[in-house]
Amino acid sequence: MKKLMTLLAVSGFAVAGEASADYALNLTEGVTELSRDIHDLHMLIFWICVGIGVLVYGILVYSLIHHRKSKGAVPAQFHENTKIEILWTVIPFLILLGMAIPATRVMIKVYDTTGADLTVKVTGYQWKWKYDYLDEGVSFFSTLSAKSNEARQMGSGIDPATVDHYLLDVDHPLVLPVGKKVRFLFTGGDVLHAWWVPDLGWKKDTIPGFITDGWATIEKPGTYRGQCTELCGRDHAFMPIVVIAKPEAEYREWLAAQKGTAVQAAGEPATSQEKPSDHQPEPPLAAAGSSEATSPAPAIGEPLTQEVAMTLGKEVYESHCQSCHQANGEGVPGLFPAIHGSQVVQGPLAAHIQLVLNGKPPLMASFRNILKPQEVAAVITYQRNAFGNSTGDLVQPADIATH
Amino acid sequence: MALHGSYFLPHKATQPIIGSIGLFVLLAGFSNYLNGSDIGPAMMWVGAGTIIYMMFIWFAAIIRESLGGLYNHQVEISFKMGMMWFITSEVFFFAAFFGALYYCRDLALPWLGGDTPGTGIDSTHQFLWDSFKNVWPTNGPAHIGGNEEGEFEPMAAWGIPAINTLILLTSGVTVTWAHWGLLKDNRRQLIIGLALTVLLGFGFVFLQGVEYHEAYTEMGLTLGTGIYGSTFFMLTGFHGLHVTIGAIFLLIVLIRSLRGHFSSHNHFAFEAAAWYWHFVDVVWLGLFIFVYWL
Amino acid sequence: MSVSAIHDDHHDHGPAKGLMRWVTTTNHKDIGTLYMVTSLIMFMVGGAMALVIRAELFEPGMQFVDPMFYNSMTTLHALIMVFGAVMPAFAGLANWMIPMMIGSPDMALPRLNNWSFWLLPFAVLMLMSTLFMEGGAAAAGWTLYPPLVLQTGAAFPFTIFTIHILGVSSILAAINIIVTILNMRAPGMTLMKMPLFVWTWLITAFLLIAIMPVFAGAVTMLLTDKFFGTSFFNAAGGGDPVLYQHLFWFFGHPEVYVLILPSFGIVSQIIPTFSRKRLFGYSSMVYATASIGFLSFIVWGHHQYTVGMPIEGELYFTYATMLIAVPTGVKVFNWISTMWRGAITFESPMLWAIAFVVLFTLGGFTGLMMSISPADLQYHDTYFIVAHFHYVLVSGAVFAIIGGVYYWLPKWTGRMYDERLAQLHFWLTTLSVNLCFFPQHFLGLAGMPRRIPDYALQFAEFNAWSSVGGFIFGFSQLIFCYIVIRCMRRQGEHASDEVWEGAGEHGLEFTLPSPAPYHTWETPPNVH
Ligand code: HEA
Ligand code: HEA
Ligand code: CUA
Ligand SMILES: [Cu+2]
């Protein structure tokens, strides 16, 4: 029964470890009322289970030690006892009742998304998150940071230990105000994902075609990290979530800055050249509001030159298409078709545009509401003239808008 | 219970392995076909042929053993119980599709259509499908399938479906009448009853074919017509398949009756076919009410 | 031809010779052996996949496999372990033991019995072949959730049809077992005299008949959604991806009890024998099993606490799920009371049974924690769940199976296994299973999601331990293979007919000779 002792010791250790927070062994207490309630509930049921465990295992061990044949034990003859059997049916039932009541209370609280101060719509895509600040007209994509992304490639030769927040860092974190009730609306753009930041206390699935919701009032400024927790395909492990909670005033500032970039970016497609050094996919389009809700009539923009189209197209490709069609445009056999030599890409333009705008559910998302016409034009131009394709076509935003 | 000494145990069964291979080839062929590979159809023919052959030799063995008097009462009980539990499993198979129908009509569509105000889920309608009204029958917010305008005509209950209901109910009566005949050792009644049942069964299948043809060619209603088309054709299609199997089963029983295989106290095959037929009948009533009528 | 003449034809002849014996056999012991051997092989295959998973997870960073292949590995690992290893092992035990335990000459429908077995290798063949197809094997998890599963390449229809074949196989086996138990008992063997293993299998078989068709129906809808344009799981057409989850878990939850109820039965056979005492609370064991079976149908939503169902559903599923702890507790208490004031010895089967009680209960506790819906909003889809289900599946179901094999192996082969090696096997396995799965509790609570091939640095340490544990566990099973093969090759000491001291009191099978003859109970025993 050494095993048993070790188990109990380790469980005890688990709880002790809670104190020294740097070595996470237990559920986080988190930074919201919900997460604390849930943590408390967790500890309550944990201790009840430990209690029952000690009792049950204790009796078992006692019996194993004292009722051994080698100790000369003679088997007793009893084999039922109605009273005790009723007792050990009723007592667990009552214990369960004791757990069900607080559980119900907390669950009702979790579901109360009314009276929110602001609403953020979260859309899960393969493999990035899109955040829409519904009342603010700000919207952007959030993907795994370039450093982590580089290090996580097989044979990258980069030691993950040298990467800050390996796999838990993104290019554009979600910024939220402290002390405000934030309501989240979740939906999926292609397959199921789930949005989970442990410090907020819960996770929620994002379901294509449906909206689910949740809420959080973050109490402490800080950076909170989480991950997608519903298997969503090849890069499921690589779509983290970062929430930065700021005091109200700083949040306002950030918001204003976002709106600024959005306006700026819309007029100047090639802003990303500002940051050439870290080849982080810093798409101007991502920072820009490209949501259907925020920009009702997206500006078609200036006609593109071949050169601008190819530069912008490459960026769009890298941030939106490459995860499936691959950096070299060869795709993944049997899963994602190659762009190189594709019939669609080399064929009539209309079909190519249709495909990108409408997608191919459930295989490829529709990009109509993700990209702006000039971005679609650019990426199509790029695909038709890169990876060994050379149609020479130059697609204009106006061609897209007419589809 | 219990005359174990004479419980018949078959030996050297070759049918199952043939059946397994047949099923494997059939389904691998079907997969290949779905994947667009050319060898698919050929494999499917071979597989299906093998399965039919397997059924033939399996039933032949059972008939031989049964006529040889090898089956005592206990064996017959095993067969009966086996058939009963098999039908139970079929009930659950249909339950899955009825469950899908119920879920979509009573839960998913109201959520999509915004009929559940005050719940978080109502946002689904507000943000994603605000022009969608939940009226059954529907092919969903995006009007999947249907004619060019995404429209379709639902199947009315009081045309062919009502006739088909009558047909199946009548066939339930005729098969019972045949059974009475068998119990009284009245061969004529048995054979006429069975023949009528088989005719009614195939009549049902024929009418359903007509109905499907009309749906596909004139009503814009196909398997791909949103959730209505999906549930409609899945439920009625699998039911139709079961009617066909049941009718073939009854046909075999009819042929065996003509050859005088059954007696008033030894006719498991007849009973099995009759039970199966009643099961198909009951499922149809469910279909008629929930798929066509309500 | 008179009845007796035909019968005599078949009388007393032993097994046919050669390969065809196994292909065409209708003998319950042969079929039982086929099932058990298949199960062991599939345990290796599924285990090898688990080791691919553990190797990749040994340290952070992508080392060995593509993420897509990793996902295929978790998917196939689970499907193979559940449908290829554990269920066939139970079917094998049922075939071997049920007729011997209830005093029947064979299973009620022997030809069908052969078919339910022989469908299995073809299903497995089909599933394994998908590994070599364009786009790789299915990689959407064993739950096969749409829309993700619809992105599967050429493997897709093959995976679906594998499940159909497995379904047919399980349903036929279940029908056979029910009919055998209800129709083939020896005179005097009333239902409430049946050994608990028989009882648990009877209820398991009912579960199978109800759930496998639903699973088959659900995957059929996947197939038509992909290839025939239906909209069952597509909101645009009026369906709902979550509908699939409801159908899957209506199957999936009872399925996990399919994997544990026969284990309860095995443990209920072993503990009384080595406590030298009658099973405590026989009738409450039967009622508890039936209650678990019933409850298992109405709790499926606890796998979907995060899909955003209405709060009423959320709470209902919470309460219903918690209730399962009550009958399960009754079983645990009964086992302990059986040992209480017994005369316990610690032969291998007993060790496995005791470890089962301890570790299964531990897994049950975490299950109970997860049933509390608000808390599960944190636990869901993390390694906490992975820890939970491996405690109940590996140190639960697999331990019970291994214990059962040690318990009955001497009866099957007539040889005693090597007790010292068996003890070594037990201790290595038990220690390593905890090393492998216990740290996963911490990982889950600390925030590591499941189904990921690579993880953040703070999870590195426990993952390394877990991988080491997994590899020790895996290689310890080679000892088991050696022990079993030795007995099968008729090496080792002869076993007595009773095998275990006083075992004859606990089951009809121990009143038969060891090894059990090819045909048993051709004249039914007298049961009193
Ligand atoms: C053999 C298989 C098996 C068994 C027996 C169980 C048993 C239980 N399981 Fe488990 N479960 C799985 C296999 C199993 N499970 C699998 C495979 C999954 C994951 C599937 C996937 O997503 O891939 C899963 C997932 C799973 C979830 C979903 C988690 C999630 O995804 O978020 C939940 C949630 O409620 C759950 C609960 C339970 C409960 C309450 C029991 C109960 O039956 C446990 C009852 C037992 C006890 C409680 C211990 C003994 C009792 C006492 C000593 C009495 C006194 C005790 C008290 C009053 C507390 N299980
Ligand atoms: C009965 C079912 C069962 C069994 C027995 C096991 C056994 C094991 N499982 Fe598994 N597992 C599941 C059912 C089971 N599992 C399920 C349902 C899932 C969820 C899948 C999903 O998410 O969809 C899962 C998922 C799962 C994961 C999570 C993957 C992920 O989420 O990314 C992990 C990770 O550690 C794991 C590990 C193991 C290990 C180490 C064993 C070990 O116990 C196995 C040990 C056995 C061996 C290693 C074989 C021994 C033989 C040899 C070593 C010989 C060498 C081999 C040859 C010569 C061929 N399993
Ligand atoms: Cu997105 Cu997992
Ligand atoms: Cu469950």
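Below, chains carry the letters A, B, ... as their sequence lines are ordered, and counting in each starts from 1.
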So which part of [X] gets closer than 4.5 Å to some heavy atom of chain B, the side chain, the backbone, both or neither?
| X | value |
| --- | --- |
| Phe227(C) | side chain |
| Leu243(C) | both |
| Phe117(C) | neither |
| Met221(C) | both |
| Ile209(C) | both |
| Ile211(C) | neither |
| Leu119(C) | both |

Could you measure the distance from the [atom1] atom of [X] to the [atom2] atom of [Y]? Nearest 0.5 Å is fine.
| X | Y | atom1 | atom2 | value |
| --- | --- | --- | --- | --- |
| Lys12(B) | Arg111(C) | NZ | CZ | 13.0 Å |
| Thr24(C) | Ile17(B) | OG1 | CD1 | 9.5 Å |
| Phe158(C) | Ser31(B) | CZ | OG | 4.5 Å |
| Ile77(B) | Met184(C) | CD1 | CE | 11.0 Å |
| Asn176(C) | Ser78(B) | CG | OG | 8.5 Å |
| Leu27(B) | His164(C) | CG | NE2 | 8.5 Å |

Highest number of heavy-atom pairs under 4.5 Å with chain C: which of [options]?
| options | value |
| --- | --- |
| Gly229(B), Gly224(B), Pro141(B), Ala100(B) | Pro141(B) |
| Gly140(B), Pro16(B), Gly113(B), Ala142(B) | Pro16(B) |
| Ile21(B), Leu101(B), Thr225(B), Val91(B) | Ile21(B) |
| Cys104(B), Gly82(B), Ala96(B) | Ala96(B) |
| Phe93(B), Phe97(B), Tyr103(B), Trp111(B) | Tyr103(B) |
| Leu128(B), Ile227(B), Asn139(B) | Ile227(B) |

Evaluate the side-chain proximity of [Y] to [X]: yes if any heavy-atom separation is below 4.5 Å, no if none is.
| X | Y | answer |
| --- | --- | --- |
| Met234(B) | Thr220(C) | yes |
| Leu125(C) | Phe24(B) | yes |
| Phe233(C) | Ser230(B) | no |
| Ile160(C) | Phe30(B) | no |
| Met54(B) | Trp115(C) | yes |
| Leu34(B) | Leu223(C) | yes |
| Phe79(B) | Asn183(C) | no |
| Thr26(C) | Leu9(B) | no |

Next item on the list: Specify whether Phe297(C) and Phe92(B) have parallel, tilted or perpendicular ring planes, treating 30° as the upper limit for parallel and 60° as the lower limit for perpendicular.
Entry: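 Parallel, since the angle between the ring planes stays under 30°.
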
How about [atom1] on [X], more than 12 heavy atoms from neighbouring residues, nucleotides or ligands closer than 6.0 Å, or not?
| X | atom1 | answer |
| --- | --- | --- |
| Phe56(B) | CZ | no |
| Phe290(B) | CZ | no |
| Met55(B) | CE | no |
| Tyr33(B) | OH | no |

Quick check for you: among [options], which has the greatest number of heavy-atom pairs under 4.5 Å with chain B?
| options | result |
| --- | --- |
| Ile171(C), Ile178(C), Ile165(C) | Ile178(C) |
| Ala218(C), Ala216(C), Ala235(C) | Ala235(C) |
| Thr25(C), Asn27(C), Leu109(C) | Leu109(C) |
| Gly217(C), Gly308(C), Ala236(C) | Ala236(C) |
| Phe232(C), Trp118(C), Tyr244(C) | Phe232(C) |
| Ala174(C), Pro157(C), Ser116(C), Gly229(C) | Pro157(C) |

Next item on the list: List the steps and the verdict of side chain to side chain contact (heavy atoms under 4.5 Å, CB included) for Trp58(B) and Leu112(C).
Entry: CA-CA 10 Å; Trp58(B) 195 318; Leu112(C) 206 63; 4.1 Å; yes

Next item on the list: Give the minimum heavy-atom separation between Gly226(B) and Ser231(C), together with the two atoms involved.
Entry: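 Looking at all heavy atoms of both residues, the shortest contact is CA-OG, 3.6 Å.
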
Interface moiety of [X] toward chain C, non-hydrogen atoms closer than 4.5 Å:
| X | value |
| --- | --- |
| Asn134(B) | neither |
| Phe94(B) | neither |
| Thr231(B) | both |
| Ala95(B) | neither |

Note to self: Could you check whether any side-chain N or O of Asp240(C) sits under 3.5 Å from a backbone N or O of Ala108(B), counting only pairs where one atom can act as donor and the other as acceptor?
What the structure shows: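 A pair under 3.5 Å: no.
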
Notebook entry, point to check: Is a side-chain N or O of Tyr7(B) found less than 3.5 angstrom from the main chain of Asp106(C), in a donor-acceptor match?
Noted result: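 No, Tyr7(B) side chain to Asp106(C) backbone: no donor-acceptor pair under 3.5 Å.
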
Check: What do the steps show when you test Phe233(B) against Phe228(C) for side chain to side chain contact (heavy atoms under 4.5 Å, CB included), and what is the final call?
Finding: CA-CA 11 Å; Phe233(B) 281 103; Phe228(C) 300 100; over 6 Å; no

